[in-house]
2 protein chains.
Amino acid sequence: MTGRAAEPEVIWARPERTGRGPRPAYTRADIAAAAVRIADAEGLDAVSMRRVAAELGCGTMSLYNYVPRKEDLYELMVDAAGGEHELWEPRGDWRADMLRVAHRTRALMHRHPWLPRLMSPVYGFSPNALRYLEHCLACLDPLEAPYGTKLELVAMLNAVVTSFVANELATAERARSLPWSEEQENAMRGAYLGGRIATGAYPRMAAAFAEDPGPIDLEAVFERALGRVLDGFAPRR
Amino acid sequence: MTGRAAEPEVIWARPERTGRGPRPAYTRADIAAAAVRIADAEGLDAVSMRRVAAELGCGTMSLYNYVPRKEDLYELMVDAAGGEHELWEPRGDWRADMLRVAHRTRALMHRHPWLPRLMSPVYGFSPNALRYLEHCLACLDPLEAPYGTKLELVAMLNAVVTSFVANELATAERARSLPWSEEQENAMRGAYLGGRIATGAYPRMAAAFAEDPGPIDLEAVFERALGRVLDGFAPRR
DNA sequence: TCGTAGTTACGTACGGCGTACGTAGTGCGC
DNA sequence: GCGCACTACGTACGCCGTACGTAACTACGA
């Protein structure tokens, strides 16, 4: 063995306590909670090893006893958020159950607006992610399809929900790091877009914007999107 | 006017040349190309203002004459990549045309693996994004639906493609910043997952993994996903 | 025609980041 | 009860984005 720093590992496989040495002062849950608190209050970019350590009240480098790399801290955060997902006994209607899953996921992301950004496929197998996946599959028991198809359904639903919420939250989250307000940002991007469209170079875009001046009902758009995804998996008759 | 540093602006609205002062040494395209070259070769995290300036052969701070903030550099990159999208005259079959769009988008993301990470909804209105959108709408001319629905279709297709490719590339891109190889990473995550499943706590996951030992055909999965999205928008008969 | 305002170019510097490394103290397993 | 694996954490390094100041330069208004 040359250097042991480069040994691959998943944080979930590493035991929280090994027996030897002093009792650790914090649990993984403590650390995740601290990081989540910071991200909720000040945005994901405020989550640094130093900041989390300060929140916990310990030295910066002590954190590295619990979390080998910053990426693992992110994994902890995603898993902690996933733990808030309350599951239920499926009622036998897979469509209704999956709609419920999607709505809860959206609500979760509204509560933790940094979630979409961390929703990398890599973090897909944390303990709570496994719980969540198993629950989705349970909801899909009534659907007659191979598990492969069911996994594709879950993946697609998650993709659509994540993308939708990311869109919803985009400017709001962006505004955190900008030296001007969200309203200014929106006004300015709107003005620019209007100018571009007014050139006549994008006739269909122009028509699209001219089409319906009514306010967009995000809830309806979301519901429609979910319905379409699920329709794609309904057994043909 | 107090400070003019905080005036909101889109980089695309700012003229490349104002007339006064010395002739700029580079164009926006030069800068975008340099950044894209670095990201392609060394990963997105290697793209820093210093690195891009070095690639161009100018001082770090000179870059800020062209690009007010690093985020704008990202916008430039996304737009430059979008410029590679070759468009065509729609043939009248919106389904076939949208499939083609999706396949080209996927190919583009394979060529520029950092694209999914930058595919924030905020960058949605760069010049080439507008071109792309207009082209999608042109492809959708034969589809009898309001423009709102068509935009929803494009958004959903993009979400699915982006999520799919992000999944495809996940470990490969991740391996760039890890001190161990992609194979080690995969082996280790696989071993961990196998261990979790072997506990029996996730019976459906276990069944899913036991179901089909054959190799997954990514192309087929992709095609199926696209088909399902488009089905959701096909006019009911 | 010429002064000057608005540019470009870019060196220096600041505060922050992730984290490698070394040292000191602690408590379980042999 | 010895030793080792662990915890705690200060220091330091090399990055990062970027604010600011200075010098050279050019097109415009007088």
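In this text, all values refer to a predicted model and were calculated from it rather than measured experimentally. Lettering of chains follows the sequences in order, A, B, ..., and the numbering in each one begins at 1.
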Check: dA9(C) P sits how many Å from Met49(B) CE, rounded?
Finding: 14 Å
Next item on the list: Take atom OH of Tyr64(B) and atom C1' of dC16(D), then tell me their distance rounded to the nearest Å.
Entry: 9 Å
Note to self: Which residue is it: Thr162(A), Thr105(A), Val161(A), Val165(A)? I am looking for the one with a side chain to side chain contact (heavy atoms under 4.5 Å, CB included) to Met119(A).
What the structure shows: Thr162(A)
Next item on the list: Would you mind checking if Arg28(B) and Asp72(B) are paired as a salt bridge, meaning a charged N to carboxylate O distance below 4.0 Å?
Entry: no
Check: If you look at every strand shown and take non-hydrogen atoms under 4.0 Å, does Arg51(B) touch a base, only sugar-phosphate, or nothing?
Finding: nothing
Notebook entry, point to check: Are Arg189(B) and Glu75(A) close enough for a salt bridge, meaning some N to O gap below 4.0 Å?
Noted result: yes
Check: Taking only side-chain nitrogens and oxygens of Ser48(B), does any of them come within less than 4.0 Å of OP1 or OP2 of dC16(D)?
Finding: yes
Next item on the list: Mind checking Ala25(B) for me? I need base, sugar-phosphate or nothing, with any heavy atom below 4.0 Å counting as a touch.
Entry: sugar-phosphate
Item checked: Presence of Tyr66(A) side-chain N/O under 4.0 Å of dA8(D) phosphate oxygens OP1/OP2 -> yes
Item checked: Rounded distance in Å - CZ (Arg69(A)) to C1' (dC17(C)) -> 16 Å
Next item on the list: Calculate the interatomic distance between Leu73(A) atom CG and dT19(C) atom P; express it in whole Å.
Entry: 10 Å
Notebook entry, point to check: With sugar-phosphate meaning primed atoms plus P, OP1 and OP2, does Gly59(A) contact a base, only sugar-phosphate, or nothing at under 4.0 Å between heavy atoms?
Noted result: sugar-phosphate
Check: Is Arg50(B) side chain donor-acceptor paired with the dG17(D) base, going by distance under 3.5 Å alone?
Finding: yes
Notebook entry, point to check: To the nearest angstrom, how far is Arg17(A) atom CZ from dC28(C) atom P?
Noted result: 7 Å
Notebook entry, point to check: Any side-chain N or O of Ser62(A) less than 4.0 Å from the OP1 or OP2 oxygen of dC9(D)?
Noted result: yes
Notebook entry, point to check: Leu63(A) has an atom CG; how far is it from atom P of dC21(C), in whole Å?
Noted result: 19 Å
Note to self: On DNA chain C, does the nearest nucleotide to Thr60(B) precede the nearest nucleotide to Lys70(A) from the 5' side, or the other way round? Give the residue.
What the structure shows: Thr60(B)
Margin query: Rounded to whole Å, how long is the line connecting atom CZ of Arg20(A) with atom C1' of dG25(C)?
Written below: 16 Å
Next item on the list: Hey, which sits more toward the 5' end of DNA chain C by its nearest nucleotide, Met61(B) or Arg23(B)?
Entry: Arg23(B)
Check: Within the structure shown, what part of the strands sits under 4.0 Å from Thr18(A) by heavy-atom distance: base, sugar-phosphate, or nothing?
Finding: sugar-phosphate
Notebook entry, point to check: Over how many whole Å does the gap from Arg14(A) atom CZ to dA5(D) atom P extend?
Noted result: 16 Å
Margin query: Quick test of your reading of the model: are Arg117(B) and Glu173(B) salt-bridged, counting only N-O distances below 4.0 Å?
Written below: no
Notebook entry, point to check: Are Ser62(B) and Asn65(B) linked by a side-chain donor-acceptor pair shorter than 3.5 Å?
Noted result: no
Check: In terms of the nearest nucleotide of DNA chain D, which residue is placed more toward the 5' end: Gly21(B) or Glu71(B)?
Finding: Glu71(B)
